[in-house]
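Below is one structure; the comments refer to it alone.
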Amino acid sequence: MSEKTPVLVDVRKYDGRVSGRWTAVRLGEDEHGVWLGTARGVPVEAAKGGWTNRFDHVLLVPRGEWWIATFCAAPGPELYCDVCTVPEWSGDGATTVLRTVDLDLDVVRPQGGEAYTKDEDEFAEHRVRYGYPEGVAEAALRACARLGEAARRESGVEPFASAYKGWLELVTGSSANRGSAER
């Protein structure tokens, strides 16, 4: 997979419904994982009805982790981490697909704000309704706790501090988002 390759991002709920499905562009890879870019205006398909992406953003797909992280241009949330199953890549050479299952828990950091966890009630409900295996539930809770700590503004932990900014600039074209991403 080379830079600027289209990637179909296919995020499902545990029962198989589409949580979000859209086409992004592979920007590159660094020590944090693979970076995908999505411009404002890209259509997103979902079981609860589709929408049009309102903000330029980059999606970080880390290797072997139970999360993906979205970093948005203002006025969107600075950081939106989805706790999910370990993402899997597939493709036939012509089409690259990223698949993961959304496990409901999210860690969000608004522009200039502090990180917080959301959808804990949805996780608790779905854990019972869909019968999340204990290992999956425990991995999700561990990932959420680690993300909540790492995403704190004062933690300085990368890629949540500034590593994403250079990647985001590739989507926005704005030097206002310039950062230290190595490409």
Go through Leu105 and Asp119 one step at a time and tell me if the side-chain contact (heavy atoms from CB on, under 4.5 Å) criterion holds.
CA-CA 5 Å; Leu105 295 167; Asp119 295 337; 5.7 Å; no

Side-chain heavy atoms nearer than 4.5 Å, only ILVMFWY residues, links allowed to pass through others: does that put [X] and [Y] together?
{"X": "Trp89", "Y": "Val11", "result": "yes"}
{"X": "Val83", "Y": "Val108", "result": "no"}
{"X": "Leu168", "Y": "Val25", "result": "no"}

How long is the span from the [atom1] atom in [X] to the [atom2] atom in [Y], to the nearest 0.5 Å?
{"X": "Leu8", "Y": "Thr23", "atom1": "CG", "atom2": "OG1", "value": "5.0 Å"}
{"X": "Leu27", "Y": "Glu169", "atom1": "CG", "atom2": "CD", "value": "11.5 Å"}
{"X": "Glu122", "Y": "Leu103", "atom1": "CD", "atom2": "CG", "value": "10.5 Å"}
{"X": "Arg99", "Y": "Ser90", "atom1": "CZ", "atom2": "OG", "value": "4.0 Å"}
{"X": "Asp82", "Y": "Ile68", "atom1": "CG", "atom2": "CD1", "value": "5.0 Å"}
{"X": "Gln111", "Y": "Cys72", "atom1": "CD", "atom2": "SG", "value": "8.0 Å"}

Between Glu158 and Tyr164, does any side-chain donor sit less than 3.5 Å from a side-chain acceptor?
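Result is no, nothing qualifies.
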
How about Thr85 and Thr100: does a side-chain donor come under 3.5 Å of a side-chain acceptor?
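Short answer, yes.
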
Closest approach of [X] to [Y] (non-hydrogen atoms, all atoms of both residues):
{"X": "Phe160", "Y": "Ala69", "answer": "CE2-CB, 4.2 Å"}
{"X": "Ala115", "Y": "Ala151", "answer": "CB-O, 3.7 Å"}
{"X": "Ala150", "Y": "Ser155", "answer": "O-OG, 2.7 Å"}

Less than 3.5 Å apart, which donor and acceptor atoms pair up between the side chains of residues 33-51 and the rest of the protein, not counting sequence neighbours?
{"residue": "Trp35", "atom": "NE1", "partner": "Asp30", "partner atom": "OD1", "Å": "3.0"}
{"residue": "Trp35", "atom": "NE1", "partner": "Asp30", "partner atom": "OD2", "Å": "3.1"}
{"residue": "Thr38", "atom": "OG1", "partner": "Trp22", "partner atom": "NE1", "Å": "3.1"}

How about Arg54: does its CZ atom have over 12 heavy atoms from other parts shown lying under 6.0 Å from it?
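For Arg54, atom CZ is not crowded (no more than 12 foreign heavy atoms under 6.0 Å).
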
Is it the case that more than 12 heavy atoms not belonging to Glu114 sit under 6.0 Å from its CD atom?
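It does: Glu114 CD has more than 12 such atoms within range.
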
Would a line drawn from the ring center of Phe71 to the ring center of Tyr80 be shorter than 6.0 Å?
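Centroid distance Phe71-Tyr80: not below 6.0 Å, so no.
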
Please tell me if the side chains of [X] and [Y] come closer than 4.5 Å, counting only heavy atoms from C-beta onward.
{"X": "Leu59", "Y": "Val9", "result": "yes"}
{"X": "Tyr132", "Y": "His126", "result": "yes"}
{"X": "Arg109", "Y": "Arg152", "result": "no"}
{"X": "Arg17", "Y": "Arg12", "result": "no"}
{"X": "Arg26", "Y": "Lys4", "result": "no"}

Looking at Arg129, Lys13, Lys118, which one forms a salt bridge (Lys or Arg N to Asp or Glu O under 4.0 Å) with Asp104?
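The single option meeting the salt bridge (Lys or Arg N to Asp or Glu O under 4.0 Å) with Asp104 is Lys13.
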
Keeping to residues at least two apart or across chains, list the side chain to side chain donor-acceptor pair (under 3.5 Å) pairs with something in residues 62-77.
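Residue pairs passing side chain to side chain donor-acceptor pair (under 3.5 Å), neighbours aside: Glu29-Arg63.
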
For Val97 and Thr95, run side-chain contact (heavy atoms from CB on, under 4.5 Å): C-alpha distance rounded to whole Å, both residues' side-chain angles, the deciding distance at 0.1 Å, then the answer.
CA-CA 6 Å; Val97 180; Thr95 304; 4.0 Å; yes

Do the side chains of Arg127 and Glu134 get close enough for a salt bridge, i.e. N-O under 4.0 angstrom?
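Yes, Arg127 and Glu134 are salt-bridged.
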
Listed pairs under 3.5 Å, donor-acceptor, residues 135-147 side chains, sequence neighbours left out:
none

